[in-house]
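Just so you know, ligand 1 is whichever comes first in the structure, and atom 1 is the first atom listed for that ligand. For the single chain, residues carry numbers from 1 onward in sequence order.
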Amino acid sequence: MTDRPRRRATDAVRPRAVVSGAAGFLGSHLSEKLIADGWDVVGLDNLLTGRMENLESLLGLEHFSFEHYDVTNFVHVAGTIDAVLHFASPASPVDYLEHPIKTMKVGSLGTHNMLGLALAKSARFFLASTSEVYGDPQVHPQSEDYWGHVNPIGPRGVYDEAKRFAEALTLAYHRSHGLDVRIVRIFNTFGPRLRPADGRVVSNFLVQAMRGEPLTVYGDGKQTRSFCFVEDEIRGIVGLLNSDYVGPVNVGNPNEFTILELAETVIDVTGSSSDVVFEPLPVDDPTQRKPDIGLATSLFGWTPQVQLREGLERTYAWYQQELEARDG
Ligand code: UDP
């Protein structure tokens with residue numbers, strides 16, 4: 001069968017996307033947004049860290065189908081495909097330290113297979129990369145032309161180097177085969193569907209505050225992160241997908257907070273009586289992180305709309321339902 005050329009969401013026939021990691025935090029929000037924008041979505045996930053509950057609003061929709069599949073194996077999807085979006089990977093340090101080899105495989109073999117699918121279908125390829133490619137950055141804020149400061153053999157190296165390899169392979173397919181590619185570098189993102197036991201700081205703090213347990217601040221809490229609400233992140237990702245720019249683009253909220261400031265805000269938003277407790281800093285934990293989003297803004301007019309406090313309030317509301325359903 002000859003593949004038709006890539007279509008856009010504005011065409012009469014709905015364009016069709018394949019999303020790996022569709023049952024994950026970002027993959028499920030992305031799939032919903034693409035369907036709302038007029039796409040059909042084929043979701044793939046091996047459910048290592050993804051959850052079927054994340055697909056509740058999607059399963060049963062005419063425009064969504066799901067396959068329980070591990071994309072580190074050869075990927076075949078029948079029919080025409082216009083975009084291949086590779087979002088499968090453990091993304092929390094706790095998860096990728098527990099699954100170091102699977103993390104490296106999905107970033108390397110998984111990216112290779114998804115690129116191969118895009119090439120076979122003449123589809124646009126979209127890679128979910130990460131601010132972790134900058135490692136523990138010595139340049140602040142981080143813009144796309146910074147090469148990073150990564151320890152390749154430290155415990156975080158499995159994620160950082162897999163994503164760096166994935167970026168290099170993606171651009172090799174572009175240069176060698178003329179494949180149409182996009183790369184987003186995602187900075188710390190939070191919101192509904194971040195698993196309570198995910199291990200990332202926002203989910204840990206919210207769950208601890210809600211249970212009246214002390215918030216576990218690693219190190220002295222002076223390290224910084226810049227937190228992006230999931231709705232803004234997904235809007236940025238779709239903006240990049242629809243743009244003409246080949247090459248990595250930062251998508252994250254540039255408002256920077258120390259982890260101690262985050263702890264205080266979480267305690268305030270939840271009205272919790274929790275205190276903080278200091279625990280050892282994980283190896284190679286970046287001391288500062290803040291995206292320069294000038295490129296995303298100039299290319300497709302993206303700026304985040306939801307700031308930390310509002311995002312935490314909306315996430316807290318979701319955790320209240322989630323923990324009630326689970327504990328109650
Ligand atoms: N962190 C913390 N307490 C926690 C979890 C994380 O103080 O319970 C810190 C962690 O050391 C890091 C920051 O919060 O400095 C963000 O960690 P996260 O795991 O969310 O993501 P990272 O940005 O490190 O990939």
Side-chain angles (χ1 to χ4, degrees), residues 24-26 49 87 89-100 103 107 128-137 140-142 148-151 154-164 184-230 233 250-267 269-270 272 274-291 308 311-312 315-316 319:
F25 167 52
L26 289 180
T49 57
F87 276 70
S89 178
S92 147
V94 171
D95 285 339
Y96 58 73
L97 298 183
E98 194 183 331
H99 304 288
T103 300
S129 186
T130 168
S131 56
E132 281 283 323
V133 301
Y134 301 122
D136 186 5
H140 198 69
Q142 296 80 53
H149 180 232
V150 172
N151 175 1
R156 297 176 84 102
V158 295
Y159 184 66
D160 304 10
E161 293 298 356
K163 291 291 190 182
R164 288 167 69 98
V184 65
R185 289 183 178 157
I186 298 167
F187 284 64
N188 295 66
T189 302
F190 72 101
R193 298 199 194 132
L194 199 54
R195 284 175 8 246
D198 172 277
R200 269 175 273 192
V201 69
V202 173
S203 40
N204 276 7
F205 283 1
L206 276 171
V207 171
Q208 289 160 347
M210 290 172 72
R211 294 189 172 148
E213 296 164 4
L215 274 57
T216 52
V217 171
Y218 301 161
D220 60 10
K222 289 187 183 142
Q223 70 273 32
T224 68
R225 295 292 186 274
S226 307
F227 299 98
C228 190
F229 190 60
V230 64
E233 187 67 42
N250 290 338
V251 173
N253 188 321
N255 282 346
E256 186 182 9
F257 297 87
T258 68
I259 296 306
L260 265 180
E261 285 170 336
L262 175 71
E264 282 159 17
T265 313
V266 167
I267 288 171
V269 162
T270 55
S272 172
S274 290
D275 211 341
V276 301
V277 64
F278 292 91
E279 294 192 355
L281 190 67
V283 175
D284 294 335
D285 196 288
T287 51
Q288 53 182 3
R289 181 182 288 159
K290 170 187 163 104
L308 181 65
L312 286 174
T315 311
Y316 173 45
Y319 274 93

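Residue Thr216 forms a side chain to side chain contact (heavy atoms under 4.5 Å, CB included) with just one option from Val276, Val201, Val277, and that option is Val277.
Scored by the side chain to side chain donor-acceptor pair (under 3.5 Å) test, Arg193 finds Ser28, Glu32 as partners (sequence neighbours excluded). Every residue was checked against the side chain to side chain contact (heavy atoms under 4.5 Å, CB included) condition with Glu264, not counting sequence neighbours, and none meets it.
Within the structure, every pair that satisfies the salt bridge (Lys or Arg N to Asp or Glu O under 4.0 Å) test and touches residues 200-209, not counting sequence neighbours, is listed here: Asp198-Arg200.
A heavy-atom cutoff of 4.0 Å around ligand 1 is satisfied by the protein residues Pro93, Glu132, Arg156, Asn188, Gly199, Arg200, Val201, Asn204, Phe205, Thr216, Val217, Tyr218, Gln223, Arg225, Ile259, Pro282, Asp285, Arg289.
In terms of modelled atom types and a separation under 3.5 Å, the side chain of Lys222 and the main chain of Thr287 share no donor-acceptor contact.
Across all non-hydrogen atoms, the minimal contact from Pro93 to Arg156 is CG-NH2, 4.1 Å.
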